[in-house]
Asks: 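One structure, pasted below without further comment.
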Amino acid sequence: MHELTLEELTALLNVFNRAGASQDAVEADLLSRIKTQHAEKEELASMDFDDCLGGACKL
């Protein structure tokens with residue numbers, strides 16, 4: 001299975017937002033997981049890998 005891109009995760013969040021707040025437990029869990037993955041991908045995309053030179057950070 002392939003991993004979703006940041007753009008795909010953003011699109012899914014937009015779909016959930018347009019669909020409204022009435023969600024069952026499965027939908028709520030899925031939305032929570034999508035939000036977590038989106039936040040992680042955004043953080044990774046915004047990292048400046050030059051800051052990691054010399055072992056200053058761990059990936």
Side-chain angles (χ1 to χ4, degrees):
M1 177 172 233
H2 93 265
E3 194 170 311
L4 296 174
T5 66
L6 180 57
E7 292 79 22
E8 291 168 331
L9 291 167
T10 300
L12 283 172
L13 289 174
N14 290 338
V15 169
F16 267 98
N17 287 335
R18 282 194 302 266
S22 60
Q23 301 163 3
D24 64 17
V26 173
E27 291 171 349
D29 179 57
L30 180 58
L31 178 57
S32 174
R33 291 174 24 212
I34 291 170
K35 284 181 178 181
T36 299
Q37 288 182 10
H38 184 264
E40 290 171 358
K41 289 226 183 236
E42 271 190 323
E43 182 179 354
L44 187 59
S46 70
M47 285 183 73
D48 184 1
F49 289 103
D50 289 340
D51 292 342
C52 294
L53 294 175
C57 66
K58 295 179 183 178
L59 296 178

Asks: Find the distance between CG (Leu9) and CD (Glu42) and round it off to the nearest 0.5 Å.
Replies: 9.5 Å

Asks: Could you tell me if the side chain of His38 sits less than 4.5 Å from the side chain of Glu8, heavy atoms only?
Replies: no

Asks: Let me see the working for Leu6 and Leu44 under side chain to side chain contact (heavy atoms under 4.5 Å, CB included), right down to the final yes or no.
Replies: CA-CA 10 Å; Leu6 180 57; Leu44 187 59; over 6 Å; no

Asks: Find out whether Gln37 and Glu3 are in side-chain contact, i.e. whether some heavy atom of one side chain is under 4.5 Å from a heavy atom of the other.
Replies: no

Asks: For Thr36 and Ser32, indicate whether the former's side chain and the latter's backbone hold a donor-acceptor pair under 3.5 Å.
Replies: yes

Asks: Flag the pair Asn14 / Thr10 as yes when at least one side-chain heavy-atom distance between them is below 4.5 Å, and no otherwise.
Replies: yes

Asks: Output the distance between atom CG (Leu30) and atom CG (Leu12), rounded to the nearest 0.5 Å.
Replies: 7.5 Å

Asks: Starting at CD1 of Ile34, measure out to NZ of Lys41 and round the result to the nearest 0.5 Å.
Replies: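 If I round to the nearest 0.5 Å, the distance is 13.0 Å.
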
Asks: Output the distance between atom NZ (Lys35) and atom CZ (Phe16), rounded to the nearest 0.5 Å.
Replies: 9.5 Å

Asks: Mind checking side-chain hydrogen bond (donor to acceptor under 3.5 Å, both in side chains) for Arg33 and listing every partner two or more places apart, or none if nothing turns up?
Replies: Asp29

